[in-house]
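We use all heavy atoms of the structure for the numbers below, so side chains are in, but hydrogens, waters and symmetry mates are not. Because the structure is predicted, anything quoted here is derived from the model rather than measured.
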Amino acid sequence: MTELDVRALQQRLAAFAAARNWEQYHTPKNLAAALSVEASELVEIFQWLTPEQSARVMETPETAHRVADEVADVLAYLLQFCEVLKIDALAALAEKIDRNETRFPAPERPDPPDTTESPNCHSSE
């Protein structure tokens, strides 16, 4: 997996938008709407697939390319949204995981049975 340099990606996206004079359109509202649209385009790829088919989408080069493109679009708009609102996306994610670990603790697993005892060693006294 490639290490993500969020700041460098945000700078590239900002430079791309600036070179085209698109900053005026990159308001939180517009970026949130664009993010939603791109996420919906990702969902559209999976809409009528069975769970089994959805698990295999990356096996077909054409579909894999479409999925990767939509993931890139979602990430691009999310990073731009975070840049405009000065949100540190990775810090926000880490904090959210911390909160979820507290809100939804993993169930305690019972101790494994002691395999040194015979299953018939219990007395009925």
For the residue pair [X] and [Y], what are the closest heavy atoms and their distance?
X: F81; Y: P28; answer: CE1-O, 3.6 Å
X: F16; Y: R20; answer: O-NH1, 2.9 Å
X: Q53; Y: T50; answer: OE1-N, 2.8 Å
X: I45; Y: E70; answer: CD1-CG, 3.9 Å

Out of L13, N30, V37, L31, which residue meets the side chain to side chain contact (heavy atoms under 4.5 Å, CB included) rule with Y77? L31

Hydrophobic clustering (ILVMFWY, side-chain heavy atoms < 4.5 Å, transitive) - are [Y] and [X] grouped together?
X: L85; Y: L35; result: yes
X: L42; Y: L49; result: yes
X: L90; Y: I87; result: no

CG of L79 to CG of L75: how many Å apart, nearest 0.5 Å? 4.0 Å

Flag, side chain of S36 to backbone of A32, donor-acceptor distance under 3.5 Å: no

Can a donor-acceptor pair be found, under 3.5 Å and without considering hydrogens, that links the side chain of T63 to the backbone of E59? no

For the residue pair [X] and [Y], establish whether any side-chain heavy-atom pair is separated by less than 4.5 Å.
X: M58; Y: V67; value: yes
X: R7; Y: E83; value: yes
X: Q10; Y: Q80; value: no

More than 12 foreign heavy atoms under 6.0 Å from CD of Q47: is that the case here? yes

Using a 6.0 Å cut-off, check whether atom OH of Y25 has over 12 heavy atoms from anything other than its own residue. no

C82 and L78: CA distance, side-chain angles, deciding distance, side-chain contact (heavy atoms from CB on, under 4.5 Å) verdict: CA-CA 6 Å; C82 289; L78 179 60; 4.2 Å; yes

Test log, rule side-chain contact (heavy atoms from CB on, under 4.5 Å), inputs D69 and R66: CA-CA 5 Å; D69 268 0; R66 287 179 56 214; 5.7 Å; no

Hey, mind stepping through D5 and L9 against side-chain contact (heavy atoms from CB on, under 4.5 Å) and telling me if it holds? CA-CA 6 Å; D5 184 346; L9 292 171; 5.5 Å; no

